[in-house]
There are 2 protein chains.
Amino acid sequence: MKQLPHKTIARLSQYRRSLLMCYANGKNHIYSHEIAKIQHITAVQVRRDIMLIGYTGTLRKGYNIKELIDIISKIIDSKDVIKVCVVGVGNLGRAMVNYFSGKRTKLSIVACFDTDPNKINKKVTGVKCYSVDDMKKIIKQKNIKIGIMTVPADKASETADKLVSAGIKGILNYTPKPVYVPKDVFLEEYDMITSLEKVAFFVKTHIER
Amino acid sequence: MKQLPHKTIARLSQYRRSLLMCYANGKNHIYSHEIAKIQHITAVQVRRDIMLIGYTGTLRKGYNIKELIDIISKIIDSKDVIKVCVVGVGNLGRAMVNYFSGKRTKLSIVACFDTDPNKINKKVTGVKCYSVDDMKKIIKQKNIKIGIMTVPADKASETADKLVSAGIKGILNYTPKPVYVPKDVFLEEYDMITSLEKVAFFVKTHIER
DNA sequence: AGATTATTGTTAATAAAATAACAATAATAC
DNA sequence: GTATTATTGTTATTTTATTAACAATAATCT
């Protein structure tokens, strides 16, 4: 299959989540416009994405939810479990671990790291916390491929460097500080302040105009 | 000024943050390619954004950091403080409150809400926690304009409804469940699972190919 | 059975975003 | 003082993403 657009990948992940909920509720088929409504996008967009992954629905009946879930999973899930670690066990780090525990079979948070002796060797929602000093060792040992950064901003660069040198292949940076990684490491940065400021901007223009 | 692209707004917020750090470090001027490097984008993109907001730098000296910060602030900040609340004082909610306390002068988290009696009437990093039952009252009383949703997924829709009926104008939804709001309410949804799955997808294609 | 409707799949058109190209020119080098 | 270099600002081009248009057809209606 040709390369899928980044945006499509992100939407497929979201479709799957909604589809899983629908399926859990006993629903078997779904129309493009129903998916669209859930995701706040257009039905054409949905059909186009589904076309791109090569699945076809049934005319007048819509898409078979189970089948669609399986197709999407085949595309976005890896064959084997990909292991993930969380660096920085603050509120955000705990939220991540919590949020994930047992949700995805193909993605598994297997370790977290912190500098606080009170946290080291304790468990966070079933995930053991190690010292950041052992990061490289543990990451190699457990073959962890993705690192989620939830450390304070001033530790961002050094954390990224450590992750990279330990052989991590993907980083999700939740600190407000952009980091540098070699180009064979996939980097996704998300910053809550920016999101809030974006909302504020639109609220402001709505209020002030 | 003509309408700025959404993407530009988001980038301006990020530029400002980087600029503030540079300024704090005693730097006075900065080149487009320096900003670009920090943000992992191209210098042209930076110059184009800055062009759009009508600021001009100095040839061969770059942009005056202080001035640029001020111009960006004039654009993205509101005249008066916009008040924000956080609904759901779990790990993520606490992370949000923490993260924000005192960072932005024009955006202020002034309340949070929860259902847990152990949390109600306590303070979270200086922000008082109220019962969700009083949400409407407090939001109106304090003239809160933006709501950050960090509740469990199964409370998402009802929380959004409450926020809307209380007169909120912007919602930042951090639950994994998309919600519906009238179109005069600005909605931004972010979902950590999707982000992680996106990273995983690229890591997978990198590993498996 | 024939007409109508609702829905998919796909191509074409449009819009948005990013990148390239390059003229202008201040600073620096020689 | 002239040439070279580095940098901005802006227009043009390309790429990416979204939306519109519509043919095909299964299901339903009359």
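Not measured: the values here are computed from a predicted model. Below, chains carry the letters A, B, ... as their sequence lines are ordered, and counting in each starts from 1. All heavy atoms count here, side chains included; hydrogens, waters and symmetry mates do not.
Taking atom CZ of R47(A) as the reference point, atom C1' of dT18(D) lies 13 Å away to the nearest angstrom. Nucleotide dT18(D) holds its C1' atom 10 Å from the CD1 atom of I41(A), rounded to whole Å. Separating the CG atom of D49(B) from the P atom of dA17(C) is a distance of 11 Å, rounded to the nearest angstrom. The NE2 atom of H29(A) sits 10 Å away from the P atom of dA27(D) (whole-angstrom rounding). Regarding L4(B), its CG atom lies at a distance of 14 Å from the P atom of dA16(C), rounded to whole Å. Atom CD of Q45(B) and atom P of dT7(D) are 19 Å apart (whole Å). Put simply, CD1 on I50(A) is 15 Å from P on dT18(D), counting in whole angstrom units. Atoms CG (L52(A)) and P (dT16(D)) sit 14 Å apart, rounded to a whole Å.
When each of R16(B), R11(B), K106(B) is checked for a salt bridge (Lys or Arg N to Asp or Glu O under 4.0 Å) with E197(A), only R16(B) meets the rule.
Interatomic distance, CG of D49(A) versus OG of S32(A), reported as 11.0 Å (0.5 Å rounding).
OP1 or OP2 of dG9(D) has at least one side-chain nitrogen or oxygen of Y63(B) nearer than 4.0 Å. At the phosphate of dA21(C), neither OP1 nor OP2 sits under 4.0 Å from any side-chain N or O atom of R48(B).
What you find for Y180(B) and I38(A) is that their closest heavy atoms are OH-CA, 3.3 Å.
Look at D70(A) and K66(A) and you find a salt bridge, because one of the NZ, NE, NH1 or NH2 atoms lies within 4.0 Å of a carboxylate O, short of that distance.
Using a 4.0 Å heavy-atom distance criterion, T8(A) is classed as making no nucleic acid contact. Residue contacts for H6(B): at a heavy-atom cut-off of 4.0 Å it reaches no nucleic acid atom on any strand shown.
More than 12 heavy atoms of other shown residues, nucleotides or ligands fall within 6.0 angstrom of atom NZ in K27(A). Dense packing is recorded around OH of Y55(A), with more than 12 heavy atoms of other residues, nucleotides or ligands lying under 6.0 Å away.
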Checklist outcome for this item: Protein heavy-atom contacts under 4.0 Å, written 5' to 3' over nucleotides 24-30 of chain C as B (base), S (sugar-phosphate only) or - (none), form the string -BBB---
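Residues T56(A) and Y63(A) have side chains that never bring a donor and an acceptor to within less than 3.5 angstrom of each other.
Map A43(B) and K7(A) each onto its nearest nucleotide of DNA chain D; the residue landing nearer the 5' end is A43(B).
Minimum atom distance to the side chain of V44(B) is reached by dT19(C), of the listed dT11(C), dT19(C), dT18(D).
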